[in-house]
Undergrad: 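Could you have a look at this structure, given as structure tokens, before my questions?
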Amino acid sequence: MATDLKQEFCALRDTYIEKQFGRLNEMQRKAVFTTNGPLLILAGAGSGKTTVLVNRIANLIRFGSAHGSGWTPREVTEDDVKALRMAIMTGTDAPAWLDGMLRKDAVRSWNVMAITFTNKAAGELKERLRNMLGGEEGDEVFASTFHSACVRILRRWAEQIGYPRSFTIYDTDDAQRVMKTVYKELSIDDKFFPVKSAINQMSRWKDQLVSPEEALRTPARDTKGAIAAKVYAAYEKKLKDAGAFDFDDLIYHTVQLLAEHDEVREFYQNKYRYLLVDEYQDTSVAQFRLVSLLTGPEKNICVVGDDDQSIYRFRGATIENILNFERIYPGTKTIRLEQNYRSTSNILNAANCVIQHNTERKGKTLWTKNGEGDKVHVYTAENEQDEAMHIADVIGQHLKAGGHLADHAVLYRMNAQSAPIESYFTRAGIPHKIVGGQRFNDRKEVKDIHSYMSIVANPRDDVRLRRIINEPARKIGNTTIEVIADLAAQENTSMLEIISHADQYARLSRSMMPLLKFWQIYERLQESLETRTLDEFASDVIELTGYKAMLEQEVAKGHEDAADRMQNLGQLVNNVKNYCDQHGEDATLEGYLEDIALISDIDSYNESADRVVLMTIHSAKGLEFPYVFLIGMEEGVFPSEMSKYSEADLEEERRLAYVGITRAKQELYISDSVTRMLYGRTQRNEPSRFLREIEPEYMEETRSPALERRSQMGGWGSSYSDTVPGGASGYSGASGWGRSRTGGYGSGYSSGYLNSEYNGGSRGFGSEYAGRGSSSSGFGSSAPRSTGSFGAGYSSAGTSRNSAKPINFTGTPAAQKPAANTPKHYEPGDIVEHKVFGRGKVLKVKPAAGDQIVEINFEKVGVKKTMANFAPLVKITEE
DNA sequence: GGGCTCCGATTTTTT
DNA sequence: ATCGGAGCCC
């Protein structure tokens, strides 16, 4: 009788718990209820892996391993069964008095650690845990990136391994400076073996947990290997002296710490009884080791990954970690998630076609209940401008049908490909955001101020001291710096320590005054940190170091970028303030510096702004968009030129293609271009092998009208040549504008960054342009530019297909027909048609640099500003 | 010690 | 095309 009741209760409990996770599919639920022991989840793209992670953690905390256990802590009564049955039937929570019977070995939230690769992924996990478990419980789960987790561990134990608690985190720029110093000190010629290559080799060693000693001990394959081993040891010593870790060190030294200190390891193994690792296919040997050191004797380790999406082999990720997981952890349960909830079947089939050509894979085939959708749209462009125009066309059509800009993403193999798209979008007034490229925190002035801040936190840091000791110029030159370094080495102390009593050294007598002045500044900064808030401290740094005065002087001299730099420093202070607001009492200088070291551009990508987003496929991993443009699908671009000699590299490129394709939810647009200008040279490329790998039945191919050698182009084609004057000349005008706008210190990407950072989303570029006045030369001029390198490259390539249309790009007659080159004038009240935004009415007109800024109220998309002579704009009627 | 000019390299980069 | 680095001159 009692046993029957017990059985009934357990069956009901399983039903009850299953109902809590009712929205999951069978495989997902299986993953959630597999609570103990090693678990490998092979999660295909779009298969809901984050959902599984979140639900699995929720189940651990709410029910532990109760599901399917057939266990109860006490005798079951009729009332228990009745109450549970009622809860199931009514879909309500079971009464609190049943709690103890619904949970078995329930895990406390602080016993769970979830590791991801990006801050964005960690943030998303935390957010969803909060939603599912409630604020309190959700926040107590430790969800962070590999690197933040290591920083947290290292902060606590740094002194045990000979580092200061307030260690500095070096970025790649710092690392290069250190390596350069090492080269100099060891008199190594960087022409034979570039600093970058040495850093790369060293980074691979650290990924593989090879110590400097081991690297030296292992017979080198060649001279370069021997140099690398030599500089590795010297580099590590420098970082240790400076009290700094680079990104790879964070992992490497945490592994050493856990491996060598039993009590530390046991502390974490006891604390975190359940471990979950996301994107497992991208872990390195060191990260694998870290995870296994954190895994306690219960072996509650759950890894989620997709071998087909491993795209960071070049950075030390070893796909073997996922391929061998079952062997390394005996008793592993493996679950495959193959149902895709993201894409249409045409997109998915295309992705499957491509990835099937790889040999090194576990093998799985994604399927979906979603409809077929459109076929994959493949467009062959004439050149990169044509490609950009086509993308703008499609986006325009979508907007007219009520779509949103933010639903569109343009993905490419390398950052250099963004320039023509960005240029075209800017001219057409299409709001966009480029993710990646130069980060805000990588700007020189920002890094300088951060360096000042970090030497106050960590006075041992000679590398950052060198960076700013003479910035702004204060008459401390290289000779002096080397003398200080020499003295510091002799006395086995830091350079700053030497500077603090510079007057005691005869060798420093010449530069004594500037040095003591510098020391005074440093002392005042120390005082500021102690007495004022963090954001006040930041602004003191800008002021007291003379940085502000220097920039003001440059502005006075007429340096155009100085004002921008000043603005960036203002932004920096704002960022510090935001950090303080977020962390309240816990805000520390170390914490802020840690944040800026570990946070990347993609983390600040905010999907709420209505803009088209442009990024590399690497950056797009983990994201999804309704409409995806995968551009530059050409041999030599994608797959990249560098990868074509190695089968393993080609497979990685193919996985990257797979990642790109599977970002698309509704429609995928792939384009290739017959010619492409890259690094100032025009090349002719064959369509990518990845395109040929897609079965024709899933594709719909179109070629650019320009390629069909039709002189009379229909539709927008004709309006294009009418409205964007002079083809290449228009393009050169715009690029000239881009250059002057960024004032020469930013690249194409940073101009995009500026554009979107300081500009409201849908306002487009017009407002910013107006705000900056019109110092830009070359902007309004639609005069044809010299035939230039494109023309030259063109004719040298010279085939009949090429000669079909040199017109648009060399300023030959067709492009200069009067209609194209006559500046257009608009009056308020004019009705115009814009290629992308559709029909609208001109509200305001403002002259600027021989052109007009036209403010138009579009019927579909509202008010936007565009440049009259560059936007694809046609006047329909006059008032 | 500071500034200018010429030369060369130039995939991808969650941290 | 474009940026950064090294070398040269004041």
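Below, read A as the first sequence line, B as the second, and so on, with proteins coming before strands; counting in each chain starts at 1.
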Undergrad: Just the rounded figure in Å: distance from C1' of dA1(C) to CD of Gln417(A).
TA: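 Spelled out: CD on Gln417(A) to C1' on dA1(C) is 15 Å.
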Undergrad: Mind listing the N/O atom pairs, protein and nucleotides 1-3 of chain B, below 3.5 Å?
TA:
{"residue": "dG1(B)", "atom": "OP1", "partner": "Gly477(A)", "partner atom": "N", "Å": "2.8"}
{"residue": "dG1(B)", "atom": "OP1", "partner": "Thr480(A)", "partner atom": "OG1", "Å": "3.1"}
{"residue": "dG1(B)", "atom": "OP2", "partner": "Asn478(A)", "partner atom": "N", "Å": "3.1"}
{"residue": "dG1(B)", "atom": "OP2", "partner": "Thr479(A)", "partner atom": "OG1", "Å": "3.2"}
{"residue": "dG2(B)", "atom": "OP2", "partner": "Asn470(A)", "partner atom": "ND2", "Å": "2.8"}

Undergrad: Salt-bridge test for Glu471(A) and Arg466(A): reply yes if a basic N is under 4.0 Å from a carboxylate O, no otherwise.
TA: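 No, no charged N to carboxylate O under 4.0 Å.
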Undergrad: Please identify each residue that fulfils ring-ring contact (aromatic ring centres under 6.0 Å, His included) with Phe638(A), with sequence neighbours left out.
TA: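 Phe638(A): ring-ring contact (aromatic ring centres under 6.0 Å, His included) contacts with Phe690(A).
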Undergrad: By side chain to side chain contact (heavy atoms under 4.5 Å, CB included), which residues pair with Ala175(A), not counting sequence neighbours?
TA: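 For Ala175(A) the side chain to side chain contact (heavy atoms under 4.5 Å, CB included) partners, ignoring immediate neighbours, are Ile199(A), Tyr235(A).
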Undergrad: Using the test side-chain hydrogen bond (donor to acceptor under 3.5 Å, both in side chains), find all partners of Arg510(A) that sit at least two apart in sequence or belong to another chain.
TA: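 Arg510(A) satisfies side-chain hydrogen bond (donor to acceptor under 3.5 Å, both in side chains) with no residue once adjacent residues are dropped.
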Undergrad: Name all residues meeting the ring-ring contact (aromatic ring centres under 6.0 Å, His included) criterion together with His450(A); count only those two or more places apart in sequence or in a different chain, and write none if there are none.
TA: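 Applying ring-ring contact (aromatic ring centres under 6.0 Å, His included) to His450(A) gives Tyr592(A).
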Undergrad: So, using side chain to side chain contact (heavy atoms under 4.5 Å, CB included) as the criterion, who are the partners of Lys224(A) when residues are at least two apart?
TA: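 Side chain to side chain contact (heavy atoms under 4.5 Å, CB included) list for Lys224(A), sorted by chain: Phe192(A), Phe193(A), Asp222(A).
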Undergrad: Taking side-chain hydrogen bond (donor to acceptor under 3.5 Å, both in side chains) as the definition, give me every residue that meets it alongside Asp595(A), ordered by chain and number, with sequence neighbours left out.
TA: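 Result, side-chain hydrogen bond (donor to acceptor under 3.5 Å, both in side chains) vs Asp595(A): none returned.
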Undergrad: Find the distance Lys644(A):NZ to dT12(B):C1' and express it as a whole number of Å.
TA: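 About 17 Å, once rounded to whole Å.
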Undergrad: With sequence neighbours left out, which residue pairs that include part of residues 192-202 of chain A fulfil the side chain to side chain donor-acceptor pair (under 3.5 Å) condition?
TA: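 Residue pairs passing side chain to side chain donor-acceptor pair (under 3.5 Å), neighbours aside: Asn200(A)-Arg204(A).
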Undergrad: Between Asp442(A) (CG) and dG4(C) (P), how many Å, whole number?
TA: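 These atoms are roughly 11 Å apart.
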Undergrad: Starting at CD of Gln683(A) and ending at P of dT11(B), how long is that distance when rounded to a whole Å?
TA: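 After rounding, the gap between these two atoms is 13 Å.
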Undergrad: I'd like a list of close polar pairs between nucleotides 6-10 of chain C and the protein, N/O only, cut-off under 3.5 Å.
TA:
none

Undergrad: From CG of Asn200(A) over to P of dA9(B), roughly how many Å is that when rounded to an integer?
TA: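 The distance from CG of Asn200(A) to P of dA9(B) comes to 17 Å, rounded to the nearest Å.
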Undergrad: Pairing donors with acceptors under 3.5 angstrom, does anything connect the side chains of Arg654(A) and Asn358(A)?
TA: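 Distance-only check passes for Arg654(A) and Asn358(A).
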Undergrad: Between protein and nucleotides 13-15 of chain B, what N or O pairs are separated by less than 3.5 Å?
TA:
{"residue": "dT13(B)", "atom": "OP1", "partner": "Thr616(A)", "partner atom": "OG1", "Å": "2.5"}
{"residue": "dT13(B)", "atom": "OP2", "partner": "Asn415(A)", "partner atom": "ND2", "Å": "3.2"}
{"residue": "dT13(B)", "atom": "O2", "partner": "Arg315(A)", "partner atom": "NE", "Å": "3.0"}
{"residue": "dT14(B)", "atom": "O4", "partner": "Asp282(A)", "partner atom": "OD2", "Å": "3.4"}
{"residue": "dT15(B)", "atom": "OP1", "partner": "Asn119(A)", "partner atom": "N", "Å": "3.0"}
{"residue": "dT15(B)", "atom": "OP1", "partner": "Asn119(A)", "partner atom": "ND2", "Å": "2.7"}
{"residue": "dT15(B)", "atom": "OP1", "partner": "Asp603(A)", "partner atom": "OD1", "Å": "3.3"}
{"residue": "dT15(B)", "atom": "OP1", "partner": "Asp603(A)", "partner atom": "OD2", "Å": "2.9"}
{"residue": "dT15(B)", "atom": "OP2", "partner": "Ser600(A)", "partner atom": "N", "Å": "3.2"}
{"residue": "dT15(B)", "atom": "OP2", "partner": "Ser600(A)", "partner atom": "OG", "Å": "2.3"}
{"residue": "dT15(B)", "atom": "OP2", "partner": "Asp603(A)", "partner atom": "OD2", "Å": "3.4"}
{"residue": "dT15(B)", "atom": "O5'", "partner": "Leu598(A)", "partner atom": "O", "Å": "3.4"}
{"residue": "dT15(B)", "atom": "O3'", "partner": "Leu598(A)", "partner atom": "O", "Å": "3.4"}
{"residue": "dT15(B)", "atom": "O2", "partner": "Arg315(A)", "partner atom": "NH2", "Å": "3.1"}
{"residue": "dT15(B)", "atom": "N3", "partner": "Arg315(A)", "partner atom": "NH2", "Å": "3.0"}

Undergrad: Who are the ring-ring contact (aromatic ring centres under 6.0 Å, His included) partners of Phe625(A), not counting sequence neighbours?
TA: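 Once residues adjacent in sequence are excluded, Phe625(A) has no partner under the ring-ring contact (aromatic ring centres under 6.0 Å, His included) criterion.
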Undergrad: Which part of the nucleic acid, if any, lies within contact of Met642(A), taking any heavy atom under 4.0 Å across all strands shown: a base, the sugar-phosphate backbone alone, or nothing?
TA: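 Met642(A): base contact, heavy atoms under 4.0 Å.
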Undergrad: What is the distance from CD of Glu641(A) to P of dA9(B), rounded to the nearest Å?
TA: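 So the CD-P distance, Glu641(A) to dA9(B), works out to 17 Å.
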Undergrad: For Phe146(A), give me all partners under ring-ring contact (aromatic ring centres under 6.0 Å, His included), at least two apart in sequence or on another chain.
TA: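 Expected list: Phe117(A).
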Undergrad: Would you kindly give the OH-to-P distance between Tyr658(A) and dT12(B), to the nearest whole Å?
TA: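 Checked: the OH to P distance equals 24 Å.
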